[in-house]
Amino acid sequence: MPGPIQSIQRAAEVLKLLAHGGAHQLSVGEIARALDLAKPTVHGILRTLHEVGFVEQEVEGGKYRLGAALFQIGTSYLDGNELRAKALNWSDTLAMRAREAVRIGVMHGKHVLVVHHVFRPDNSRQTLDTGALLPWNATALGKALVAFGEWPDGDLQRFTRHTLNPEQLADSMNEVRDRDWAYDLHELVEGEASVAAPIRDRRGVVVGAVGISGPVERLCDSPDQPPRLELVSYVREAARSVSRELGGLSW
Amino acid sequence: MAYIAAIDQGTTSSRCIVFDQSGGIVSVAQREHRQIFPRPGWVEHDATEIWTNVQAVVRDALSHASLSFSDIAAFGITNQRETTVVWDKATGEPVHNAIVWQDTRTDALIKQLGDQDRFRERSGLPLATYFSGPKLRWLLDNVDGLRARAERGEVLFGTMDTWLIWNLTGRHVTDVTNASRTMLMNLETLDWDPELVEAMDVPREMLPEIRSSSEVYGSYEGVPVASALGDQQAALFGQTCFEPGEGKCTYGTGAFLLINTGGKPVHSRNGLLTTVGYKIGDEPAAYALEGAVAVTGALVQWFRDKIGLISSAAEIETLARTVDDNGGAYFVPAFSGLFAPHWRSDARGVIAGLTGYISRGHLARAVLEASAWQTREVVDAMNADAVNAHSAADLTTLRVDGGMTANNLLMQFLSDVLDVPVVRPIVAETTCLGAAYAAGLAVGYWSTTDELKANWHKAAEWEPSMEPAARSRGYRKWKKAVERTVGWMDEDDD
């Protein structure tokens, strides 16, 4: 069997980098620096990708972004705004049932990007944090996403004495895959917990995660116990409903 | 456990949403119907296709949640307003495609009927192509033999609520909110106004009986059909705006700002409509002032379907975020003329401020910003009327709902241009929720409006963050763009 083809690997790296940039656009120089490649190499890759419509430029000689052709064939690429629109009804219903704040996250480089946030339904003062980045290793959203995706590079930050070390985390990934839901207990903030479940598109690819978070005393029966199964079932039901929605019409 | 099923017969699709007692969504089903454009400015729907779709979405919504008709305590109905259908009483066959609210074919008829304010005192409405009465008159004048058949009592008129209730239950009724959009109902008596009916030259025999918004009209598959509300009034109800001064703005095909004005109709001096908000059974009606904007979400849809720069409505936010501002471009979507507060049926859309610099990202921004600036215009009118009439409270926050509230960029921009916080409730589908609430009240599923109010919770809030100078400069440019739309249509245009 022949070895991997280097130029395809590099092209894939370029596309991943642009995808993680979201709406942000990158220049040849920025891509070359980020991937530690020579500028002419990157330029050649981009020119080829441009010809097949996988990348595009706003203006001739300007910065690059993902192209329309890629959006059309993309398997795991899902527009975060699209995900929010499809998830709106189900995240609302989850917040009402669980009486907790709901967030929907997607992987964005090494972090979880919050693409949707529903306030805890108690009319208290809360601030919308759509667009915020969360650490993946200490949140239920992040664990649900990484368990079904790629383990991001880089060191894992420790937030509390309960934050899992890499070995514990790797073990917990198997559990998440078995159960199809994830939780965190005091791992990001002492006294806080979260539960999340993966959202899948029509091909079964995990494209996001939906979850709730709140104080341990509301989410768990006791401070050292996983969140209550009733709440878990609401979260999983919401994830299933959004997944069903993603297999449907585009409007 | 019993549920309430709301049927939302909308402009682009029909939906059925099943709610539980907390107002949470249990199940959703949706089917789009064809938009028929026979000529520029004409918009029609096939009423038979819509009835088929409604039956299908009810079936789908029940089966998605493994429910049967016996699990449903009541059906509620909400609908696209003003869309007009006439059908054969014996066969149930429509005599013509339904004429949709956006349709401007009655432009010439409107001009013949005279001064714009001629019927305002009685009906609360300015003479415009928007309302049902002129559309019905057009059918009577243009469908062969229809007037004679109407006078013999062989055909029936209805808005979509009436069409559905007739098919569901066999009764020929409408509710006060839908009737208030025909331009044939007297706002004070809440009955057909003999003078309006005569002026519009419509046979009285074909008009439905006007009932309240929340009562049992009949039953379908053994389930009571227990509410009917025009979609915007349903959203007002779903947002639990039961007190005078409370209001909301719903973003769908168009945008509609409604403020509850209590037990008396308030007449606007600033281009707003006076309409019925709702009427629960035998209780007195609640009235509302309305700022109706014809094209908001429809512009995004047009951008998707006719221009093709995006493949879904939500992608417009992604495209708009590729740039930092509109680049100086303003898009006034006067596709069906301008509604509130201008009421200019001779206006047509423009994109102003075009230069070689403008990219598709800027156009996407301009498309979204159009929804916000149009809201600003009706909010200004509402505040001006509040000062004049001491009726509606000055808006200090804007409650929003509808599918477009999923667009964060739009919601933030809306807060920026209004300079007030924008708040979304936990059920964005307030139109369906309102119909469900009204039906649930009629059958005792919910006992009081207070119980419904307790279900309202804030799900998101956007705070204004725009510099005042940028806001006023943007609004100035918007107004200049609006000036450029008016007077486009000429006498000899079709």
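Numbers restart at 1 for each chain; the letters A, B, ... are given by sequence-line order, proteins then strands. Just so it is clear, the structure is predicted and the values come from calculations on it, not from any experiment.
A distance of 13.0 Å separates NZ of Lys63(A) from OG1 of Thr322(B), quoted to the nearest 0.5 Å. Within the model, atoms OG1 of Thr318(B) and CG of Leu66(A) stand 11.5 Å from one another, a figure rounded to the nearest 0.5 Å. One finds the NE2 atom of His457(B) at 4.5 Å from the CZ atom of Arg99(A) (value rounded to the nearest 0.5 Å). Distance check: Phe119(A) CZ to Glu461(B) CD gives 6.0 Å after rounding to the nearest 0.5 Å.
In plain terms, the two heavy atoms of Ile426(B) and Pro121(A) that are nearest each other are CD1-CB, 3.7 Å. When all heavy atoms of Arg97(A) and Ile25(B) are compared, the pair lying nearest together is NH2-O, 3.6 Å. Residues Arg84(A) and Glu317(B) come closest through the heavy atom pair NH1-OE1, 3.1 Å. Asn123(A) approaches Trp456(B) most closely through the heavy-atom pair ND2-O, 3.6 Å. Annotation for Gly403(B) and Leu88(A): closest pair O-CD2, 4.4 Å, computed over non-hydrogen atoms.
Val427(B) is listed as a side-chain neighbour of Met96(A), based on a closest heavy-atom distance under 4.5 Å. Between Asp92(A) and Arg424(B), some side-chain heavy-atom pair lies under the 4.5 Å cut-off.
Contact count against chain B (heavy-atom pairs under 4.5 Å) is highest for Asn89(A) among Thr130(A), Asp122(A), Asn89(A).
Within 6.0 Å of NZ on Lys39(A) lie no more than 12 heavy atoms contributed by other residues, nucleotides or ligands. With a 6.0 Å radius and a threshold of 12 heavy atoms from other residues, nucleotides or ligands, His64(B) has its NE2 atom above the threshold.
For chain A, no part of Ser13(B) is nearby; none of its heavy atoms comes within less than 4.5 Å. Of the atoms belonging to Val423(B), not a single heavy atom falls under 4.5 Å from chain A. Only the backbone of His117(A) comes within contact range of chain B, judged by heavy atoms closer than 4.5 Å.
Contacts with chain A (heavy atom to heavy atom, under 4.5 Å) involve these residues of residues 405-419 of chain B, listed by number: Thr405(B), Ala406(B), Asn407(B), Asn408(B).
Contact check on Glu463(B) versus Arg125(A) returns a salt bridge, with a Lys/Arg side-chain nitrogen under 4.0 Å from an Asp/Glu carboxylate oxygen.
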